[in-house]
Protein chains: 2
Amino acid sequence: MRPTMKDVASAAGVALKTVSRVVNGEPGVHPATAERVRAAIERLGYSRNESAAVLRRGRTATVGLVIEDVADPFYSGLSRAVEDVVIEHGCLLLSGSSSEEPLRERELVETFCARRVDGLIVVPAGEDHSYLRPELEAGTPVVFADRPPGAGIELDTVLADNLGGAGQAIRHLMGHGHSRIAFLGDDPGIFTAAERLNGYRQALGGLFDQRLVSMRTPSLEGVRADLARMFALDDPPSALFTGNGRYTVTALRALAGRRVALVGFDDFELADLLTPGVSVVAQDPAWMGRVAAELLFRRLRGDAGPPEHIELPVRLIARGSGELPPPG
Amino acid sequence: MRPTMKDVASAAGVALKTVSRVVNGEPGVHPATAERVRAAIERLGYSRNESAAVLRRGRTATVGLVIEDVADPFYSGLSRAVEDVVIEHGCLLLSGSSSEEPLRERELVETFCARRVDGLIVVPAGEDHSYLRPELEAGTPVVFADRPPGAGIELDTVLADNLGGAGQAIRHLMGHGHSRIAFLGDDPGIFTAAERLNGYRQALGGLFDQRLVSMRTPSLEGVRADLARMFALDDPPSALFTGNGRYTVTALRALAGRRVALVGFDDFELADLLTPGVSVVAQDPAWMGRVAAELLFRRLRGDAGPPEHIELPVRLIARGSGELPPPG
DNA sequence: CTGAAAGCGCTAACAG
DNA sequence: CTGTTAGCGCTTTCAG
């Protein structure tokens, strides 16, 4: 059906191996012969069957990336950065969204491994990564990004300074006179959510009040209900710390103009154009992607040092919402 | 190095073909034998080499997607929808960003084809798609999304109603008393930009004024300069129509609070929370992705009808900015 | 129900 | 500089 190297070879009147040489740009082919081969390739519309090449070669020149959801700006930014590094290295990126489902994460990893990716970058959804054992033993390097692997496995990891960032946010709000600061975040089963909660708690110290904490899926109704409950307290919060970009946006909607100081984890487009501007603890998803991908390629180049644990700094950007004073 | 079917076979004391049967869930294997094989698979940490299977089988169960940039919310939404459909069909998605470079588009397509994707969805960056000829002849279905293929090629296409949407926007602004409406958009070499310009022009009719049109790359400085030039006219614009989400955001920044009516093409997160809310002509990127992917799978299932040209409707969402009256 | 043999399209290793 | 041979790991075909 499709032309193969054999077809090109007979069309050009050379041996199959010569075609292979031309296709792979190997030296030692007479220019005239090479030209004849190229003409035949063009004429037949030949394109190399990568599966066959991969089978023979052993290396696929592909990297797999598992994220939570491409449609989330944090992960799409990370994705793009990984893609760029992968391309720079002449490889192809396979990527997929786990939708925060451990099973899906595992299926994606296994699909990628069955396709024999040279390496993997994983933002884990699950806790148990023992299924990676065979891959690791086969020598496939794996880098975890944004969240560490589950217990019992020690691997390269690139994380943001979640704990420190949350601390910065809380100290910033306290510096502006707040002592009743609520926290709104993801289920603490998610590593980043748990870390940010920790940072919040540590920074608050004795001011911590469990009633000002809401960790749940980020639906507008849910967030609205939780906020309503908090504001109905005798001692309502005067400030809010949101655990990621989705919560910040949901909280802004749920607050519906109510004047409450706010600092959110994750920067987002237009944060500066809202009134007041939204103060955030900004991570750099593209940086995280780039660092993870570069670490992976370092491993692929043979660096066999002990697992690295890279922590990327975050920075607080004050835009107004985090500097609102408490009422009164 | 890695265990193969042969290794599993000898570990389980069966023939290679029996392992293949078990791995592929083919019927006609004694349960006890199957169990023995499964145990061996587990013990050795075997995982099927998909490249080899693909080489033999011919079909890869993969689909390729070329977009402009995953980090752009329009395309990441589209991507996610395509991914979901592809997964539903038991396939894997390969995707890549062309960065609006024709050469990169072509390289991606060719890389995907070399990996023998079963089908392709392309948001084209270039004008010339003759390089697709061999693939099309080999029977690979290709669906274009968001933009049509270049001249000389007739293929399935899923587009938004760019012309109609722009018309709606302009008529809406005119209905609110505006007659001096500026247009800010991408280079008209990009299909969607050109179509939206057409819609703008047609709806304005005799009111069209070339001096109120700016088509350029969406840098803040550039947009700011062009707007300054327009506002310095004797007859400055009282309203603005922006050609896509990036321009809308850039224009909002460049306007820096200046009170000008605005309708943007593309909806975006937080458009409702700005003051005033931003009126937009909304497309649905996930819908576009889903429709394109479903069309592709229909072709893969054998539908050989003539090329289809699907146009998805868009809708105007009034939020305030498009309803501002002209000054005076 | 199970197995042996052939070969998918390519590259590696070795001649000439 | 060019060609021949073997075989990557699997599925297909055909025989038991």
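These values consider heavy atoms only, across backbone and side chains, with no hydrogens, waters or symmetry-generated copies. Just so it is clear: chains get the letters A, B, ... in the order the sequence lines come, proteins before strands, and each one is counted from 1. Small disclaimer: the values here were computed from a predicted structure and weren't measured.
- Side-chain N/O atoms of B:Thr33 include none lying less than 4.0 angstrom from OP1 or OP2 on C:dC1.
- One finds no side-chain N or O of A:Asn49 lying less than 4.0 angstrom from the OP1 or OP2 phosphate oxygen of C:dC8.
- Residue B:Thr192 is tested with B:Asp186, B:Leu159, B:Asp146, B:Val123 for a side-chain contact (heavy atoms from CB on, under 4.5 Å); the sole match is B:Asp146.
- Rounded to an integer number of Å, the gap from CZ of A:Arg59 to C1' of D:dC8 is 16 Å.
- Contact annotation: A:Arg2 does not reach the phosphate of C:dG9 (side-chain N/O to OP1 or OP2, under 4.0 Å).
- Nearest heavy atoms, B:Pro124 versus B:Ala145: CD-O, 4.0 Å.
- At distances below 3.5 Å, not a single donor-acceptor pair connects side-chain atoms of A:Arg2 with backbone N or O atoms of B:Ala138.
- Comparing A:Val29 and B:Thr4, the nucleotide of DNA chain D nearest to each residue sits closer to the 5' end for A:Val29.
- B:Ala15 comes within 4.0 angstrom of sugar-phosphate atoms only, judged by non-hydrogen atoms across all strands, and of no base.
- Rounding to whole angstrom units, NZ of residue A:Lys6 and P of D:dT4 are separated by 13 Å.
- Closest to the side chain of A:Lys17, from the set C:dA12, D:dT11, D:dG9, is C:dA12.
- OP1 or OP2 of D:dG3 has at least one side-chain nitrogen or oxygen of A:Thr18 nearer than 4.0 Å.
- Within the 4.5 Å cutoff, the side chain of B:Val143 has heavy atoms near those of the B:Val158 side chain.
- Between the side chain of B:Arg21 and the base of C:dT2, at least one donor-acceptor pair of N or O atoms lies under 3.5 Å.
- Residue-level contact check: B:Val14 touches the backbone only, with heavy atoms under 4.0 Å from sugar-phosphate atoms and none from bases.
- A salt bridge is absent between B:Asp84 and B:Arg290; no separation between the charged side-chain nitrogens and carboxylate oxygens falls under 4.0 Å.
- Nucleotide D:dC1 holds its C1' atom 17 Å from the CD atom of A:Glu35, rounded to whole Å.
- Taking atom CG of residue A:Asp7 and atom C1' of nucleotide C:dC10, one finds them 13 Å apart after rounding to whole Å.
- With hydrogens and angles disregarded, a donor-acceptor distance shorter than 3.5 Å links the side chain of A:Asp156 to the backbone of A:Glu308.
- If you take CG of B:Leu55 and P of D:dG7, they are 17 Å apart, rounded to a whole angstrom.
- Looking only at side-chain heavy atoms (C-beta outward), B:Thr157 and B:Pro307 stay at 4.5 Å or farther from each other.
- In DNA chain D, runs of at least 3 consecutive Watson-Crick or G-U pairs, each pair with both distances below 3.5 Å, span C:1-16 with D:1-16.
- Taking atom CD of A:Glu50 as the reference point, atom C1' of D:dG9 lies 17 Å away to the nearest angstrom.
- Computed from coordinates, the A:Met5 CE to C:dA12 P distance equals 11 Å when rounded to whole Å.
- For A:Leu16 and D:dC1, the CG to P distance is 20 Å, given to the nearest whole Å.
- For D:dG9, the base has no donor-acceptor partner in the side chain of A:Arg56 [N/O atoms by modelled type, under 3.5 angstrom].
- Comparing B:Arg116 and B:His30 against DNA chain C, the residue whose closest nucleotide sits nearer the 5' end is B:His30.
- Comparing D:dT11, D:dC10, D:dT2 by their closest approach to the side chain of B:Ser20 singles out D:dT11.
- Side-chain contact between B:Arg48 and A:Glu110 is absent, with no heavy-atom pair separated by less than 4.5 Å.
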